[in-house]
Number of protein chains: 4
Amino acid sequence: MSITNHRAGRHFLQIPGPSNVPDSVLRAMSKAVVDHRGPEFPDLTFDILKQLGPIFGTKASIIIYPSSGTGAWEAALVNTLSPGDKILAFETGWFATLWKNMAEKLGIKVEWVEGDWRRGVDPTIVEDKLLADSEKEIKAVCVVHNETSTGATSRINEIRQAIDNSNHPALFMVDAISSLGCTEYHHDDWAVDVTISGSQKGLMLPPGLGFNVISEKALLASKNASSRLCYWSWQEMIDNNKQGVFPYTPATNLLFGLQEALRLLHNEGLENVYARHARFAQAARIALENWGLENLCSIPEEYSNSLTAALMPEGHDADNLRKIILEKFNMSLGTGLGKMKNKIFRIGHIGDFNELTITGTLGGVEMGLAIAGVPHKIGGVNAAMEFLSNQ
Amino acid sequence: MSITNHRAGRHFLQIPGPSNVPDSVLRAMSKAVVDHRGPEFPDLTFDILKQLGPIFGTKASIIIYPSSGTGAWEAALVNTLSPGDKILAFETGWFATLWKNMAEKLGIKVEWVEGDWRRGVDPTIVEDKLLADSEKEIKAVCVVHNETSTGATSRINEIRQAIDNSNHPALFMVDAISSLGCTEYHHDDWAVDVTISGSQKGLMLPPGLGFNVISEKALLASKNASSRLCYWSWQEMIDNNKQGVFPYTPATNLLFGLQEALRLLHNEGLENVYARHARFAQAARIALENWGLENLCSIPEEYSNSLTAALMPEGHDADNLRKIILEKFNMSLGTGLGKMKNKIFRIGHIGDFNELTITGTLGGVEMGLAIAGVPHKIGGVNAAMEFLSNQ
Amino acid sequence: MSITNHRAGRHFLQIPGPSNVPDSVLRAMSKAVVDHRGPEFPDLTFDILKQLGPIFGTKASIIIYPSSGTGAWEAALVNTLSPGDKILAFETGWFATLWKNMAEKLGIKVEWVEGDWRRGVDPTIVEDKLLADSEKEIKAVCVVHNETSTGATSRINEIRQAIDNSNHPALFMVDAISSLGCTEYHHDDWAVDVTISGSQKGLMLPPGLGFNVISEKALLASKNASSRLCYWSWQEMIDNNKQGVFPYTPATNLLFGLQEALRLLHNEGLENVYARHARFAQAARIALENWGLENLCSIPEEYSNSLTAALMPEGHDADNLRKIILEKFNMSLGTGLGKMKNKIFRIGHIGDFNELTITGTLGGVEMGLAIAGVPHKIGGVNAAMEFLSNQ
Amino acid sequence: MSITNHRAGRHFLQIPGPSNVPDSVLRAMSKAVVDHRGPEFPDLTFDILKQLGPIFGTKASIIIYPSSGTGAWEAALVNTLSPGDKILAFETGWFATLWKNMAEKLGIKVEWVEGDWRRGVDPTIVEDKLLADSEKEIKAVCVVHNETSTGATSRINEIRQAIDNSNHPALFMVDAISSLGCTEYHHDDWAVDVTISGSQKGLMLPPGLGFNVISEKALLASKNASSRLCYWSWQEMIDNNKQGVFPYTPATNLLFGLQEALRLLHNEGLENVYARHARFAQAARIALENWGLENLCSIPEEYSNSLTAALMPEGHDADNLRKIILEKFNMSLGTGLGKMKNKIFRIGHIGDFNELTITGTLGGVEMGLAIAGVPHKIGGVNAAMEFLSNQ
C-alpha cells in the first residue's frame, strides 16, 4: 500500500477489530523466523499455551490455528458435528448469521432463533428450545459472546444455567472472538465445550491466528463426528502440542507476537485489562448519551466492553459520517453490516487503548457529527472526560 | 522464547523452509495494522495479486488463505473433489505421503504409486496409469513439484505431456510449495489446474499464508464437487478479491510482508532469482560430491533448486550431525523425515541467500562432518567456491 | 528501561521535543548499518541534503553533526568567533540563556539583553543596540527563533530588517531547533548567517543529529576565527559532503531515519505541515483561553507553532499537575525550566501529530486540571474541537 | 538509499567497524522516543552505566556523548589539556595520525614518534621518551589501543609499566575505539587516565555514541586545563549522570540500542566474547597465511582481535579486489588508508559474528582473490575451517 499522500500522526484504528497493536508486539513479530522443529521451539509453544489459559479461564486444551476467526468457527463445527446434525443458533447480528450460514454450508441443520440485532441471546429462549427438543436432536447450542456487529454481549453464564436447567446434553459453543481479552471469560467455570477466538481483537495482534478451546465433552464428541477433516483436526494438534510442536507449520512470527502480547496483558493484570475496557466502554456510552444518539444495544446488562454501536438519526447516512471522519480525522470506525448498513456506526474501544486515545476517538466522532450535519448535542466528549477523570 | 544464552552472529536457518526472511520484509510486517475494509486496502490486494502472477506463471485466479501450506492442500482437494472420488498420487517422499493421507481423511480414494523417495514422478507411469483408467475414474493427478523431504523436483511439463498423451480428463494438481520462487513455474503453460503454495519458502516470508491458483477447468469442477466447505471456498474468495477485499479477515501484516517480498523478487528479476537458486544448488551438490556423500536424489534432471539431501554413510546418525552443527555453528539443517529418519540431512538453499551464505552453510556442514567423525573427504567447500568464483 | 508495569495504549509524548516519531521513521532507523565509505552511501547523503534545503529555505551548505542541538550551538560559535569576540544576545528564556552561558564558557563576551521570558526578541532593541555599537565590536547577533522554554517565536524577518537598518556587519545566528519543520523558515531570504537546528523536534526524529546552515559570509568569517576546533569544523564537512561522505563516521541509522522523515514531510507538503502546526497551536490556545489559563507568551504575533506554555494559577504547582497527568493519563508534558520552574507547564504540539492526537492531548490536560484541583473552566477541549471541526 | 537492484541475502559488513548490529539491537533502537527528563529515564542511564563498567574494566566515571569516536577524542584532549601543552604520540597508523592532527588543531604540541604502520607502540620508546623529558613537559601519552587502519594492538599494560618505570606524571590516554568489546580492557588495572571509545565496533551498535572513561587524575587535570569547552565538559556530564540524566538531550534511541547490546554481551559472557574474537582473528590469520599473503601487523603479540590487514602482492591493487568482492559477493572490506592506500585490504571480524560468518567472509576473500587474479594459494578457508572445527 504505497502512501501517496502522507497523513501526519497516528491512524486511529477504531473499528472493533483488528485493533491497535502495541509497538512491542509488532517488533516481536519482526524477529527472524526460527526452525519450528528445533529444540528451542517447544518453550515458545508451552509458554504461549500457559499464558493463554487464564485469559480463556481454562485448564483445557487450547488449539492455535494459522487461520482467521472464520477458520476457528469451522474447526469447532467440523470437529464435533456430522452432516445432518442440528444446532441451535441465534440471530444476534451479522457474525452470528455468518456462522449460521457456514454451518448450513457444512451440512448442518440450524434451528435459527431470529432476532432484532439489538441484544444478546435470551437465556429463557435457550431453555425453552432445549426443553422442547425432547428427541435431543440439537447437538450444540451456538452463541456469539460479543456480537461485533452490534455491541451486545450475551450472558454466557446465564445461558449455561439455562442449558443446565433444561437438562439437555447439547454441546455449548461460544464465539469469544471479540470478547476475549476485553471481558472476563470462564471457559471452565461456564462449562463451555468449544470456545472460538481470534488474534486480532483483545489479544492485540494482527489477524492470522484462530483459537479453539475444547472441553473433554467436546473432545469426546469429536471422536464420533463424521465430518471429514484434516487441517482442523483437534486430535493431531493436541498430540503435537504436548511435544511443544504443531502438526503443520505454525505461523511462527504471529506466535512471537502472541507471546509478547500475552506478556503485556499479564503484566498489566487481567483484572485491570477488563476494568480498563469496561471504563472506556462506559465513557463511549456516556458520550453517546450526551450526543443524544441511541445505543444499538437495548439491554444495559449486555453492553459490550469491546465496542459501542450508535444508531444514526433517521435520514442520516452512517457511512457518509465514517467517510468524513476517515478523511478529516484519520480514524477508521466500523460500518453497519448487513441489515444495519448505513444505520449504525461502530466505535471500537478494544485492545491497546488508554484514556487519551478514547478521548481522541470520541473527539473525532463528535467533530465528525458536526461536520456531517448529524443532529446531536455537543458535550459528549466533555461528559466522557468528566467520567474518566473521576475514575 | 527467552534467550538465556545469547549466541553471537546470525542464525543460519538452512532448513528447506521456512527460509531466511529479508529484513525489509520483517520490517514491512511490523507496520501498523489497517482496516481491511477501508478504502486503501484494495490497492494492496490488487498489487499483490498482480505481482504474484508472473511467479506462478499465470493470469488465472490466485487465492490467498490465512493458513499454512497444509491448508492450501486441503483447499485444492475439497474445492474440486467429492468424497469417493479417486485421485492418482505418487510416493515421492514425506510430503506427497502426507498429502495422500489428507486426501484419504477427506474421503477421497487414492491410487498410490509407491516410490523409493529418490526421484520425482515418472511421467511414463502417469501416462500408463491414465491410459489404464478406461472408466475415467481418476479425477485428479496430484504431484508434488519439489519434494521438500528429498530434494527431487518432478518434471511438471513432461507430466503434463503424459496426461495429454493419455487423453485423460483428470485435473492436474501441483504442490509448488517449496519450488515457487526458486524454480521456474508455469501454471498456465503447463496447464496445471490447481497450483498449491505457501509463503515460507521461495517467497521469503514467515509461514502463515497458503495459495491456490485455479484454472477455468478447476473452477468448473468446483461447481460440481460435493465436498462441504466454507473457509476454503474459492468462489467467495474470487468474488471478494475482484473488489480488492477478502471474505473474512486476511492476515494483514503477512500481506504487508508479501508485498515487500514480491517487490524484492521482481527487483532482482525472476530469471536472476531462479539462476541464483540453481547456482547455489549446484554449489551444494559439488560440495556433496567432493565430500564423497551421496545425493538422495538419484535423477540428475530432477535435482532440486531449493534443497539438497545428503545420505549419511552407513552407521552414522544424521540427527547427531545436525545437533552438533546446531550447537557448535548455530545452523539449523533439515532432518530426515519418515523413512529417511536419521539417514539423511537436508541443506536448504532457498529464499534470501547469497554466495557467502552458501559458503558459510557448506562450511558449517564440512566442519560438522569433521567433528561428528563422519567419514568424508575435505575439500567440499573449496570445490564449491571454485565453482562459485567461476560464475 | 524494563517495563515492570505495562501501561496500555500509546504514550503521549507531548513535551516540546523530542517529539513523537512516525513508525516508518523508526523502522528506517532499524535498517542494517552500511559502509559509510561504500559506493552507495553518497546517494543517501545527497538525497538528504537536497531534501533538507527547502525546509531550511536555503541553497547554502548544510552541515549534519552526530550531536545534540547543543553541539550545533557550539559549532556555530566556534567556527565563526574568536575568544574575546562580542555577541549580542537576548534573554528570551531558558535556552537563550544556556546558549549565552555556552558562549561565555567558550571565551566570548556577551552583550545580554534581559527579558521577562514572555516574548521573543524585540527588533527595535536589536536596531538600537547595533546602532549604539559604533566600534562594530559586536560580531554576531544570536537569536533563538522559537523559545522551547516559553513558546514565544521571535520574528526573524523583522530582526533581519533591524540589522539591515543599523547597517551593522554582525553575523546573524538563529537557533531554529524547535521551529524547523513547524514554522516557515527562510535561511536565505532572511539572510541568516548561521542557522542551528536538531533532529528531535519538527524533523520527527529521535535526538542525535545537529545542524548548521552556513551563509557565504559566515564561511568567510570562519576563515578568520581563531577558536580552536576540529570536530565542529565546517570546512572539512563541506569538502567531504561534496563527495557524499563525512570527515568522520556519521550516525548512519539516524540518517536513514532522516531520509524517511524528510520524505514524509515533503509528501505531506511543507505548506501543509506548517498549516497543520499552526492549526493545532491555535487549538491549544483556544483550550487554554477557555480553561481561563494564561498563555506565557504575551505577544500574539509571537505565539509558537510548536508548543504552548500555560501559566499556573497562583498557588498551584505545575509539576504536580504534570505528575498527575503522567501517572493517570500516560502523557508527558514539558516542565517549567529555570525561573519558570513550577509556574508553567508546556504542551508540545510538534512533529507527527493530528487532530485526534491534539484532542487527546488537550483532553488529558483538562482532565488533569480537574484531578489536580487547579481552578479552571471546563470546555477547553470543546472549544478546541469546535475550532478544529471548522477547519 | 533507494535500492534499485535488490541483492539477495544479507550484506556482509566486514569492514572493521561499523560492525554488524544484532537484530534485537536494531529493534530496541526502533522503540518510541521517551521523555529524557521523565521519571523512568534514570533507570535506563544507571543500567547502561552499570553494564558498561566491566567492559571498560572500571569503576570510574563513564561519559557518553552523542558524537562519533572523533568527538570522544576531542573531549579527551580539551578536558585535560591547555593550548601549548605537549603530548607524546605514536604513528601507529591512520587513526593515530588523525588524532595527532586533531591535537595540533586544538593548539597542542605533539612529540610524534614515527612508525611503519606495522606494529603498535613500542613500550621501550615510551619509557625512553619520558625519561628524556626531564622538564616534565609532556602532559599526556596518547596511544591507540587497536589501530583500525593496520590491525596492530598496542600492549597497554606494558606501556603503563613503561610510564611507571619512567616515574613521569603524564596522563595516559588510550583510544579503545576498535578494541573495546573485542579484547580485554582494564581501565582501572592499567591505570589509564582517559579511555576513549565509540559505539559502532565491539559494542555492536550503529555509530553515534562516543565514550570517555575518566580517572581521578584526569578529572583533577581537567580542573586546571584552560581549553575552552562546553559540549564536551566532563564535569557537567558527571553531575547530571549522578541523577540519571544528561546535561543536554541524549541520543535516546541509541541508548535503547546500547542497553540491549550490553545485555547481549553480558549474556554471552565477556570472557566468551573476547575468546570468540580471538578465535575468529586467528582463523583469519590462518587463512591469510595459507593464501600466502602477508599480515600487515609484523608483531605476533600485537595481532588484532578486531581486524586483520592483508598486504597485497606487489603490483596488485587492493581496492580493485575490494570492488570485485563487493560487486560479486556483496561484502564490504576495509580499504587501505593513507599511506596504505591500495596496498592492503582489511578484514573486520568484530562484533556480532560467528563461525559461519567468518567462514563466509574468508570464502568471499578467497573467491575474490581468484577472480581478481591475485597470486595466492587456495586452501585458506580450508585451513581456517580445520582450525575452527578443532576449537
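All values derive from a computational prediction rather than experimental measurement. The chains referred to below are lettered A, B, ... by the order of the sequence lines, with proteins before strands, and numbering in each begins at 1.
Put simply, OG on S24(A) and NE2 on H6(C) are 6.5 Å apart, with the number rounded to the nearest 0.5 Å. Put simply, CG on N272(A) and CZ on R7(C) are 11.5 Å apart, with the number rounded to the nearest 0.5 Å.
Residues D23(C) and H11(A) fail the side-chain proximity criterion, which asks for heavy atoms closer than 4.5 Å.
Across all non-hydrogen atoms, the minimal contact from N354(A) to N330(C) is ND2-ND2, 4.0 Å. Heavy atoms only, all atoms of each residue included: S389(C) and M367(A) are closest at CB-CB, 3.8 Å. The two atoms that bring K328(C) and E355(A) nearest to each other are O-OE1, 3.8 Å, heavy atoms only.
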Worked verdict on M385(C) versus N382(A) for side chain to side chain contact (heavy atoms under 4.5 Å, CB included): CA-CA 11 Å; M385(C) 289 201 302; N382(A) 252 6; over 6 Å; no
Verdict with reasoning, L356(A) to R10(C), per side chain to side chain contact (heavy atoms under 4.5 Å, CB included): CA-CA 9 Å; L356(A) 303 194; R10(C) 204 172 172 74; over 6 Å; no
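With a 4.5 Å cut-off on non-hydrogen atoms, E366(A) touches chain C through its side chain but not through its backbone. When heavy atoms are compared at a cutoff of 4.5 Å, F12(A) approaches chain C solely by way of its side chain, counted from C-beta outward.
Within a 6.0 Å sphere centred on CD of Q51(C), heavy atoms belonging to other residues, nucleotides or ligands number more than 12. With a 6.0 Å radius and a threshold of 12 heavy atoms from other residues, nucleotides or ligands, E268(C) has its CD atom above the threshold.
In this structure, D352(A) contributes its side chain and A8(C) its backbone to no donor-acceptor pair below 3.5 Å.
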